Amino acid sequence: MSKTMRNIGIMAHIDAGKTTTTERILFYTGKSHRIGEVDDGEAVMDWMEQEQERGITIQSAAATTYWTRFGQKFQINIIDTPGHVDFTAEVERSLRVLDGAIAIFDAVRGVEPQTETVWRQAARYEVPCIGYVNKMDRLGADFFHVLEDIKTKLGAVPAAVQVPMGAEGAFEGVIDLITMQEVRWDAASDGEQMLVSGIAPEREALAREWRERLIDALAQFSDPITEKYVAGEALEPDLLRAELRKAALARRLLPLFAGASRRNMGVQPLIDAVVDYLPAPEEAAPAIGHHLKKEQDIAVPCDPAAQPLGLVFKIQNDREAGPLCYVRMYSGTIRAGTALFNIGKKKRERANRILRVHSNKFDPLDALAAGDIGVIVGFRMAQTGDTIGSEGWPVILEKMQFPEPVISVSLEPKNLSEQEKLKEILGILAREDPTFTAKENEETGQLIISGMGELHLDVLCTRILKEFRVDAKAGAPQVTYRESISAAVEHTERYSKVIAGKENAAGLTLRVEPLPRGTGNRCLWQARRSDIPQALRDAAERGIHGALESGIALGYPCIDIGVTVLDAEYSEAAGTEAAFAACASLGFDEACRAAGPILLEPVMAVDLVSPSEFVGDVMSMVTQRGGQVLNMESKPTGDEIKAYAPMARMFGFMTALRSASQGRASFTMAFSHFEKKGG
């Protein structure tokens, strides 16, 4: 079964046409009976109320559809991922469980900043891709410029499988370089009818040139093609597809297609390409898991008859059913009603129901086998990133790494009953979204929620107030700072306290030192005494880690600090875990206060696109906000500016930018690093 299955994602920069293309795929494969438009708020995959209002994808949506190719029926599990940088985590967790991806490029703008981000994520998980140059009907569309952009910015090797016939308003279809035919789409049937014909004489030279380039690219990797080409033999379409498939699966070539999804042109060959060039689950590299008992990494082959093993990659809350756990099965088969084991949490769970998902609609399934993606209802404790399986095979699949939130707002519930309701809802949202955190400020009692950016927090606040109907007031966005130190200091701390008539005592000599930015914190035990019990060492480390979290002078978490325990004083009678934890915490605070504490602020990587007549004003706006322009690149569609800017100064930047550029400039912003405030 899994040979005829494809798990694919659709990834690109915001507004490149991911959801529009997905809607066409669902329509042409018969999954939906009419085409939903993003601009009308009717896209099947943008089912959340906020997605329909804002016209953007916020949560990854999943759908399963079927496509017949060369007389064989294929199951395609599609995940439509967000393009906005604030929802990068949604893309990350989707790519983690996919076997292949369609990378969509805007024919006018080429490779955009978020395209580079998702491309790097796909490379990290070694996901084979095919490329689709969308919006060929737009003013300024240039397929060949995008092809060069892919080479220079992504370092990929694109292989054009199609070339467009015309561009902008004159775009009429594509030339298929494998079958050497012209393909057009009938507007009267919403593009369902494809009109195939021979190549017109005026386009023969273009078609021959690009077919030669395709064969040349394939010949770099394929001996059969090289031999046939040198011998002057005909290259059959089946051979070209087979060799291109091998190169695409090895991520050595990026098969490239063209179309205009909004005008229903170019989508069916893209679905064919998913089947032709993207891997079945068993062809993808086996997942790597860590065997807890053997304490070693092992490969997990895609075998439905083996022990069950799956990854919870997304959780969505349903008011009636409770948590819906999206699971990718890597091994074995899960049947509805069976007991399973949450391996990381060491808790038993039950799969009450298994569902096949189609956006926000569900069909019941009897079982979920290796290679497939589905939804399990009934897990009470599962979180994003948990591994489920059996107690007899304790293997944990790789944990997903998510960036830390850098922007916060306070939430003030109107009364006590709303406060309890709010805390419950924040717990639900934290399970759904790993980049969202909520905590109570001990001094003010305020609830502080943190996220990846202004849009991310705006979406979360709107969901809390509207979707969950909580009567609360949201404060203005606040930047989440960090603390660190600027010098190395040694300090000896002694602690002694009588608790319940018993003396608790400890002594520790600590060395604190700044580490290079981005290293993280480090704690080492190098005490000369070797007779100190492990439990007391662990208690001291807990004290240090707690102190790192609670900050030095201003209460912000500490980063990039190395702590070394150089010596310890211990007596059997008075040495307790509480004493060592307290001594370590106090010693850390004192040492850091003497080590030149500094405040670090989040610095954002800002990517701007502006018409050339406004570029001077836009650059001066960035520098006025404490930003640093790194470089500028001129393109036919406008100038691209890359800059760094402190996040605290970037609030309200979108309004100012629109006003300075008559609404024609745009920007995206993502967290880059922490830097000394004002430094």
Side-chain angles (χ1 to χ4, degrees), residues 2 7 9 60 62 77 79 89-99 121-127 281-282 284-316 323-335 338-351 354 367-404 430-437 520-521 538 541-542 545:
S2 65
N7 293 316
S60 302
N77 297 325
I79 294 186
E90 282 286 333
V91 185
E92 184 90 17
R93 54 183 163 177
S94 303
L95 284 172
R96 171 67 181 81
V97 298
L98 296 171
D99 301 321
Q121 289 171 323
R124 178 158 64 245
Y125 294 120
E126 295 183 352
V127 177
E282 60 203 41
I288 302 297
H290 184 73
H291 199 294
L292 295 181
K293 285 185 180 168
K294 294 180 182 174
E295 292 193 345
Q296 64 184 47
D297 289 345
I298 60 164
V300 180
C302 181
D303 180 2
Q307 293 262 37
L309 198 69
L311 183 76
V312 178
F313 69 93
K314 174 180 165 64
I315 292 179
Q316 183 183 313
L324 306 176
C325 296
Y326 286 66
V327 174
R328 158 73 195 255
M329 287 302 292
Y330 284 94
S331 170
T333 302
I334 292 177
R335 301 195 178 279
T338 55
L340 293 159
F341 194 61
N342 186 323
I343 295 163
K345 291 193 167 59
K346 297 185 170 58
K347 301 282 185 186
R348 289 186 181 85
E349 298 265 32
R350 182 169 289 277
I354 300 175
L368 196 67
D372 210 346
I373 289 173
V375 165
I376 295 180
V377 181
F379 290 170
R380 288 171 296 119
M381 286 163 285
Q383 284 181 288
T384 299
D386 282 359
T387 304
I388 54 162
S390 64
E391 286 183 69
W393 198 39
V395 175
I396 281 199
L397 292 159
E398 174 198 0
K399 277 276 185 189
M400 287 179 270
Q401 300 296 316
F402 298 114
E404 281 192 44
R431 281 185 73 184
E432 284 188 12
D433 184 351
T435 60
F436 164 74
T437 60
N521 296 320
D538 293 344
E541 287 195 19
R542 279 199 304 277
H545 286 301

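What you see is a predicted model; the values in this text were computed from it and never measured.
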Inset, instruction - Nearest 0.5 Å please: distance from the CG atom of L397 over to the NE2 atom of H290. - result: 12.0 Å
Inset, instruction - To the nearest 0.5 Å, tell me how far I376 CD1 sits from M329 CE. - result: 7.0 Å
Inset, instruction - Output the distance between atom NZ (K347) and atom CZ (R380), rounded to the nearest 0.5 Å. - result: 9.5 Å
Inset, instruction - Starting at CD1 of I396, measure out to CG of D297 and round the result to the nearest 0.5 Å. - result: 11.5 Å
Legend entry - Validation row: N342, F379 side chains within 4.5 angstrom (heavy atoms): no
Inset, instruction - Check I288 against A299 and note the closest heavy-atom contact, atom names and distance. - result: CD1-CA, 4.1 Å
Inset, instruction - Rounded to the nearest 0.5 Å, what's the gap from CD1 on I354 to OG1 on T338? Could you check? - result: 6.0 Å
Legend entry - From I373 atom CD1 to L98 atom CG, the distance as rounded to the nearest 0.5 Å: 5.5 Å
Legend entry - Crowding at CD, Q296 (>12 non-hydrogen neighbours, <6.0 Å): yes
Inset, instruction - State, yes or no, whether a side-chain contact exists between E349 and I388 at a heavy-atom distance under 4.5 Å. - result: no
Legend entry - Non-hydrogen side-chain atoms of V97 and L311 separated by less than 4.5 Å: yes
Legend entry - Nearest atoms (heavy-atom pairs only) where I334 meets A351: CG2-CB, 4.2 Å
Inset, instruction - Determine yes or no for a side-chain-to-main-chain donor-acceptor pair under 3.5 angstrom, with N7 supplying the side chain and G371 the backbone. - result: yes
Legend entry - Under 3.5 Å donor-acceptor, S331 side chain and A306 backbone: no
Inset, instruction - Check P281 against C302 and note the closest heavy-atom contact, atom names and distance. - result: CB-SG, 3.9 Å
Legend entry - Shortest non-hydrogen contact from F341 toward R348: CD1-CG, 4.0 Å
Legend entry - Pairwise side-chain contact, I343 with L309, heavy-atom cut-off 4.5 Å (strictly under): yes
Legend entry - Set of side-chain hydrogen bond (donor to acceptor under 3.5 Å, both in side chains) partners for R335, sequence neighbours left out: none
Legend entry - Cation-pi check, R328 onto Y330 ring (under 6.0 Å, within 45° of axis): yes
